[in-house]
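Start at 1 with the first residue, then count along the sequence.
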Amino acid sequence: MNEIEGVVVGHRDGHGFVVRDDGQPDIYLPPNEMRAVLHRDRVRVRIVRHDRRGRPEGRVTEIVQRPQAPIIGRLLQEGGVWLVAPEDRRYGQDVLIPKGATGAAQPGQIVVVELTEPPALYGQPVGRVTEVLGDIDDPGMEIEIAVRKYGVPHQFSEAALAEARALPDKVRAVDRRGRVDLTDVPLVTIDGEDARDFDDAVYCEPAHVGRGKGWRLLVAIADVSHYVRNGAALDIDAYDRATSVYFPRRVIPMLPEKLSNGLCSLNPGVDRLCMVCDMLIDAKGQVQAYQFYPAVMHSHQRFTYTEVAAILQNTRGPEAQRHAALVPHLLNLHDVYRALLAARQARGAVDLETVETQIICDEAGRIERIEPRTRNDAHRLIEEAMLAANVCAAEFIASHQHPCLYRVHEAPSADKVELLREYLKAVGVPIHVPDQPRPRDFQAISQATVDRPDAAQIHQMLLRSMQQAIYSPHNVGHFGLAFEAYTHFTSPIRRYPDLLVHRVIKAILKGERYRLPALPLPGEAQAKLAKRMQERGSSEAMTRTRGRPTDEVLGWEAAGLHCSGNERRADEASRDVEAWLKCKYMREHLGEEFAGTVSAVTSFGLFVTLTSLYVEGLVHITELGGEYFHYDERRQELRGERTGVRYTLGTPVRVQVSRVDLDGRRIDFRLVRDDDEAAAPPRGGAAPGHDGRRGASRAAPAGRAQPSRKAGQAAPAGRERGAHRGGAGAQSEPARPRRGRSGGRR
């Protein structure tokens with residue numbers, strides 16, 4: 001019989017699944033087969049039987065590869081035996097620790113373990129403690145766990161640190177050669193209150209564009225490429241990270257602090273090197289001309305969004321009086337922003353307002369409150385300026401036919417378009433979605449439904465139907481922003497693709513060709529993304545653009561996959577930390593009742609977001625009452641067979657916090673109802689701790705679920721492997737880029 005290769009995904013209940021390389025349905029591994037393997041092992045399996053629903057069950061024939069990643073867990077002593085209980089429950093087995101291999105660790109502490117003996121059919125894995133992280137309640141422990149759990153590089157190499165130390169503390173005379181002197185131009189930075197690295201500065205003045213009025217907009221970006229040399233130790237470390245990772249109260253930077261917060265950061269009152277996108281924009285918001293050049297600048301003020309919004313709202317108020325000399329320039333920025341916004345609307349870019357939240361922590365790292373992020377004109381002003389500069393960079397590189405990394409966002413796939421079409425029909429939105437939709441089709445739906453009571457749910461479905469943006473040398477445009485060419489130029493301190501774009505632009509200005517350095521081999525995050533893209537298949541546009549790739553293009557493809565994969569890894573690590581914090585926060589609210597709304601519907605229950613706390617948890621289907629529920633994917637609803645009661649996106653409910661699992665990042669709710677049916681026992685449900693297969697145990701995570709692919713009759717407990725991704729309150733990433741601390745600007 002044929003053997004099938006894939007990667008093991010463990011389940012907290014002891015069984016597991018093999019995710020096949022060929023993209024076919026996963027193969028179930030019973031608990032006895034999981035004894036000799038671990039979560040994330042690469043194996044070969046043989047299908048030995050199918051269950052009554054035709055789902056395959058396998059037997060492991062060979063362990064092809066074991067990942068080198070360490071295991072993080074809590075050190076325990078039971079009956080004189082030392083063992084580590086993995087923090088990631090998918091490992092399914094405790095690791096035995098010999099007496100002499102515990103190091104300085106004490107019982108109950110969180111440790112990092114290296115395996116010395118793999119598991120076997122009749123023996124547990126054995127390991128040794130390599131690092132002691134501390135006690136579970138130590139401030140910042142959730143971050144220490146996450147960076148190791150997801151393999152986020154968090155220590156710079158000695159060679160990189162030595163390079164950073166050798167750099168000057170300020171701009172030298174030799175650094176100014178060949179640069180435009182902009183130190184007298186009142187460039188300013190506008191960022192969040194807690195920002196520490198400043199990538200960009202802006203300035204705007206009125207100008208004649210042709211025979212009409214317009215503006216000259218300068219976007220100055222930190223010139224990181226001047227200090228991070230191609231292929232040097234700093235460059236290798238920056239590529240390895242590919243992005244800065246932002247957690248509540250802590251940042252894992254892409255560059256050492258001397259560069260990220262010092263020499264490269266456009267701090268106020270000091271000279272800094274920069275790359276400038278100098279644009280002429282007409283009254284309709286169209287960029288009529290642009291040029292790029294290296295410069296030296298002097299930031300005249302560090303503004304926050306709140307300060308700029310206050311000035312724009314009241315030009316005679318106290319904030320405006322404190323910065324009277326700069327107010328005219330801010331008003332010019334606001335004028336060009338409104339023109340750029342009009343151009344965005346004219347081209348039909350998708351603009352969906354979603355609620356983003358931020359976690360406010362105390363000095364000990366515990367959540368004080370969770371509050372929504374409010375976007376004002378200052379946020380949007382900077383966003384539009386950055387978009388304009390990014391588009392100019394993409395067009396400049398494309399016009400010179402130089403390879404580079406574009407930020408590409410493909411149109412929705414056919415199956416997602418069909419699902420969206422069925423959903424809109426079910427909820428009564430009389431707008432047809434064509435087979436090959438354009439951005440303006442999505443924007444038309446957004447505008448037509450903005451005043452409906454279920455607008456938030458409809459916009460959420462629009463977001464879910466979109467692809468994720470990635471980095472690629474093949475320019476297929478950006479669907480969400482409605483750009484034919486788009487790249488990332490504006491955040492080289494915290495994103496490696498931006499650094500590459502700067503190098504390419506500099507090479508073009510010099511009449512040269514930029515060559516990628518010899519970069520490290522791709523990592524696990526890149527491999528996972530490459531597999532997902534292979535399963536999805538290349539679009540016609542991507543295939544046409546790719547052609548017959550040369551070695552140079554293959555190198556750029558690898559760099560794009562690496563940066564995209566590490567971007568996903570950073571998001572996963574950030575969500576994991578937020579889930580931990582939210583679970584600890586909700587432990588203080590066990591038994592309390594809250595109002596909420598249904599934020600996702602799946603075959604195994606409802607995800608509910610609390611109105612006042614912005615925390616999401618699961619109401620399992622077995623908690624919905626003593627009847628059978630049908631899951632309708634088309635309508636995104638669960639409907640009771642006997643009573644006809646319906647739960648759909650946006651349904652207001654009242655819930656009680658019934659269970660919080662910190663290790664599993666899971667929050668469970670139960671519905672609070674006045675009728676007696678709420679207390680009726682469920683019918684036909686799974687055992688409380690196990691659903692018979694995968695994913696739908698009672699202790700489901702408080703994260704975003706992916707609905708099953710087929711509508712129909714839903715059993716009281718679902719079984720999908722992919723249904724429990726994310727953490728407490730995690731939101732699926734919008735396909736359109738966002739401005740945020742972790743992702744930069746667009």
Side-chain angles (χ1 to χ4, degrees), residues 178-182 185-188 199-223 225 266 273-297 329 332-344 346-347 349 381-402 404-407 475 477-478 481-492 497-512 514 737 744-746:
R179 293 179 176 269
V180 177
D181 189 342
L182 297 180
V185 176
L187 287 149
V188 298
D199 292 278
D200 54 84
V202 290
Y203 167 76
C204 185
E205 64 184 18
H208 289 288
V209 182
R211 295 183 178 180
K213 71 171 186 177
W215 300 269
R216 181 190 181 195
L217 174 63
L218 270 64
V219 175
I221 306 299
D223 191 358
S225 62
L266 306 182
L273 304 184
C274 61
M275 284 294 295
V276 177
C277 180
D278 193 337
M279 296 167 277
L280 282 178
I281 301 173
D282 66 20
K284 294 182 179 180
Q286 301 296 324
V287 178
Q288 296 297 330
Y290 64 84
Q291 61 176 329
F292 288 91
Y293 51 82
V296 57
M297 61 159 285
H329 307 304
N332 291 333
L333 283 167
H334 195 236
D335 288 341
V336 76
Y337 149 68
R338 286 185 291 192
L340 291 168
L341 184 62
R344 169 202 277 265
R347 71 175 183 270
L381 179 158
I382 288 297
E383 185 175 89
E384 289 299 328
M386 298 306 116
L387 289 176
N390 285 338
V391 170
C392 291
E395 291 181 352
F396 181 73
I397 293 169
S399 67
H400 287 83
Q401 299 182 338
H402 195 296
C404 194
L405 289 184
Y406 296 93
R407 183 68 167 177
N475 177 31
H478 197 291
L481 295 172
F483 287 134
E484 293 183 2
Y486 185 72
T487 192
H488 276 169
F489 164 76
T490 54
S491 295
D498 303 55
L499 176 57
L500 291 176
V501 167
H502 278 232
R503 288 174 175 166
V504 169
I505 290 175
K506 281 186 173 182
I508 293 173
L509 292 175
K510 294 178 181 178
E512 301 172 353
Y514 173 71
R745 293 164 174 146
R746 290 301 193 201

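Residues satisfying the ring pair (Phe, Tyr, Trp, His ring centres under 6.0 Å) criterion with Tyr337, sequence neighbours excluded, are His334. By the ring pair (Phe, Tyr, Trp, His ring centres under 6.0 Å) test, Phe489 is found to be paired with Phe292, His502, residues two or more places apart in sequence or in another chain being considered. Looking at residues two or more places apart in sequence or on another chain, you find no side chain to side chain donor-acceptor pair (under 3.5 Å) involving Tyr290. For His402, there are no ring pair (Phe, Tyr, Trp, His ring centres under 6.0 Å) partners two or more places apart in sequence or in a different chain. Here Cys404 pairs with Ile397, Val501, Val504 under the side chain to side chain contact (heavy atoms under 4.5 Å, CB included) rule; sequence neighbours left out. With sequence neighbours excluded, the residues that form a side chain to side chain contact (heavy atoms under 4.5 Å, CB included) with Ala339 are Trp215. For Arg216, the salt bridge (Lys or Arg N to Asp or Glu O under 4.0 Å) partners two or more places apart in sequence, or in a different chain, are Glu205, Asp278. Scanning for side chain to side chain donor-acceptor pair (under 3.5 Å) contacts around Arg338 gives Asp335, with sequence neighbours left out. Residues passing the side chain to side chain contact (heavy atoms under 4.5 Å, CB included) test with Pro206 are Asn332, sequence neighbours excluded. For Val202, the side chain to side chain contact (heavy atoms under 4.5 Å, CB included) criterion is met by Val188, Ile190, Val219, Leu333, Ile382, Ala385, Met386, not counting sequence neighbours.
A distance of 9.0 Å separates CG of Leu381 from CG of Leu340, quoted to the nearest 0.5 Å. Atoms CG and CE, on Leu187 and Met297 in that order, are 5.0 Å from each other to the nearest 0.5 Å. Rounded to the nearest 0.5 Å, atoms CG (Leu499) and CD1 (Ile221) are 13.0 Å apart. Expressed to the nearest 0.5 Å, how far CG of Leu266 lies from CG of Asp223 amounts to 10.0 Å. Rounding to the nearest 0.5 Å places CG of Asp498 at 12.5 Å from CE of Met275.
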Show your working on salt bridge (charged side-chain N to carboxylate O under 4.0 Å, His left out) between Arg344 and Glu383 and close with a plain yes or no. CA-CA 12 Å; Arg344 169 202 277 265; Glu383 185 175 89; 3.6 Å; yes
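In this structure, the side chains of Thr490 and Asn390 come closer than 4.5 Å at one or more pairs of heavy atoms. Side-chain contact between His329 and Cys204: absent, with no pair of heavy atoms (C-beta onward) separated by less than 4.5 Å. Residues Cys274 and Val296 are not in side-chain contact: their nearest non-hydrogen atoms beyond the backbone lie 4.5 Å or more apart. Proximity of Tyr293 to Ile505: side-chain heavy atoms (C-beta onward) are nowhere separated by under 4.5 Å. Within the 4.5 Å cutoff, the side chain of Ser225 has heavy atoms near those of the Lys506 side chain.
Aromatic ring orientation, Tyr486 versus His478: perpendicular (interplanar angle above 60°, classes split at 30° and 60°).
Atom CD of Glu484 has 12 or fewer heavy atoms from other residues, nucleotides or ligands within 6.0 Å.
With hydrogens and angles ignored, the 3.5 Å screen pairs a side-chain donor or acceptor of Arg179 with a backbone N or O of Ala295. Remark: the backbone N or O of Leu481 is paired with a side-chain donor or acceptor of Arg347 at under 3.5 angstrom.
Nearest heavy-atom pair across Ala222 and Pro492 is O-CG, 3.2 Å. Shown here for Ala389 and Cys277, the closest heavy-atom pair between the two residues is CA-SG, 4.0 Å.
A side-chain contact (heavy atoms from CB on, under 4.5 Å) with Val287 is found for one member of Val209, Leu280, Ile281 and no other, namely Ile281.
Pairs passing the salt bridge (charged side-chain N to carboxylate O under 4.0 Å, His left out) check and including a residue from residues 279-296, sequence neighbours excluded, do not occur.
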